[in-house]
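First comes the structure, then the notes that go with it.
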Amino acid sequence: MISFEDRFNLFLKEQKSTTDKRRLEMLNRDMTGTKLLIKNVVLPVLSTLQGVDLEYRIKNSAGVSLFIDVFYTPLRLGLECEGFAAHAETITRERFSFERSKIRTMAALGISYLPFSMDDIEKRPETCRNSLADILDYYSHTMPKIAELSLYEREAMRYFSTLHTPFALADVRRHFKISRNKSIKIMHSLLAKGLIKPLNPNAKCYHRYTLADDATHYMK
């Protein structure tokens, strides 16, 4: 059986192979806290790393790049490992304000902020796992179901599933023969509901998309 260390290193290598220079810099930093978060909390609860991204990039309203330690795409959860020394003892006023701004940016993007202290991850991992499991259970009951999708959204999801390739706004316009504005509304709604995701989430503008990892659940 492959060890966690080998599994994590393979996962990290994969993350590095599909990213840009700025995010690569973040992935090359000390990953001790993130690795422990994955080992003690994320992997035991999810049983997989599918849908998980490390150092996930978001941008605030000023265009500044911010990075989330662990991002779970299907439910748009942002998990952060916070050490006491780094976040309490030596934090500056500027850094404190910056981190509050990051949390607001995550909220504006529909990302739930889930902070875990290093002490809890190391000394009370079971408590952390229970918390994450409770949150996953909550979201599993509140995620959009097929009945909550419009006829256009429902058909768009069915159509996307037949393409077996990334899709774009033009595909929606061509399939429905509707205006650009109407097509944009459909895509934005599906994106907000977490049913589709950008092919390249680090791009300044999104042009091509894929179905979210659990999108098939909403097409049954």
Side-chain angles (χ1 to χ4, degrees), residues 14-15 17-20 22-23 46-68 70-79 102-114 135-220:
E14 178 184 307
Q15 295 274 302
S17 69
T18 58
T19 192
D20 56 29
R22 181 68 184 92
R23 179 168 171 251
L46 297 180
S47 300
T48 179
L49 292 178
Q50 183 176 357
V52 173
D53 284 307
L54 305 180
E55 297 300 334
Y56 183 81
R57 186 211 298 267
I58 58 175
K59 291 188 177 183
N60 63 19
S61 58
V64 176
S65 292
L66 310 170
F67 294 88
I68 300 171
V70 178
F71 182 69
Y72 184 51
T73 302
L75 299 181
R76 297 185 68 75
L77 304 179
L79 290 74
K102 176 180 175 180
I103 295 170
R104 294 194 300 273
T105 298
M106 291 171 66
L109 295 173
I111 299 172
S112 297
Y113 170 63
L114 306 180
I135 292 167
L136 292 175
D137 182 63
Y138 168 79
Y139 276 98
S140 69
H141 290 90
T142 58
M143 285 291 286
K145 301 297 187 289
I146 189 66
E148 298 174 5
L149 303 181
S150 71
L151 290 176
Y152 274 116
E153 292 169 349
R154 214 175 305 178
E155 172 56 22
M157 293 290 290
R158 185 205 65 77
Y159 173 58
F160 295 154
S161 69
T162 68
L163 296 179
H164 305 296
T165 185
F167 46 85
L169 181 66
D171 293 307
V172 178
R173 295 188 65 186
R174 183 166 48 250
H175 181 66
F176 289 115
K177 296 180 173 59
I178 55 178
S179 69
R180 174 181 171 81
N181 286 342
K182 179 68 175 177
S183 300
I184 289 174
K185 287 182 180 179
I186 293 172
M187 295 292 279
H188 280 183
S189 179
L190 292 175
L191 189 63
K193 292 174 180 177
L195 298 179
I196 63 174
K197 60 182 181 180
L199 180 62
N200 181 6
N202 295 320
K204 292 183 178 180
C205 296
Y206 301 152
H207 297 291
R208 299 187 68 76
Y209 303 81
T210 60
L211 289 173
D213 297 328
D214 61 347
T216 54
H217 296 318
Y218 310 115
M219 293 184 281
K220 295 179 179 179

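- Listed by first then second residue, pairs satisfying salt bridge (charged side-chain N to carboxylate O under 4.0 Å, His left out) with a partner in residues 55-68 read Asp20-Arg57, not counting sequence neighbours.
- Among residues two or more places apart in sequence or in another chain, the side-chain hydrogen bond (donor to acceptor under 3.5 Å, both in side chains) test is passed with Ser112 by Tyr139.
- In this structure, the separation between CG on Leu211 and CE on Met157 is 5.0 Å, given to the nearest 0.5 Å.
- Side-chain contact between Met187 and Phe167: present, with at least one pair of heavy atoms (C-beta onward) separated by less than 4.5 Å.
- If you take CG on Leu190 and CG on Leu195, they are separated by 6.0 Å, rounding to the nearest 0.5 Å.
- Residues Gly78 and Ile111 share a closest heavy-atom pair of N-CG2, 3.7 Å.
- One distance of note links OH of Tyr56 with CZ of Arg76; it measures 5.5 Å at 0.5 Å rounding.
- For the atom pair CZ of Phe176 and CD1 of Ile186, the computed distance is 5.0 Å after rounding to the nearest 0.5 Å.
- With sequence neighbours left out, the side-chain hydrogen bond (donor to acceptor under 3.5 Å, both in side chains) criterion links Tyr113 to Glu82.
- Between the Thr162 side chain and the Tyr159 main chain, a donor and an acceptor come within less than 3.5 Å of each other.
- With hydrogens and angles ignored, the 3.5 Å screen pairs a side-chain donor or acceptor of Arg23 with a backbone N or O of Leu54.
- With rounding to the nearest 0.5 angstrom, the CD1 atom of Ile68 is 4.0 Å from the CE atom of Met106.
- Lys102 places no side-chain N or O within 3.5 Å of a backbone atom of Asn60 that could act as its donor or acceptor partner.
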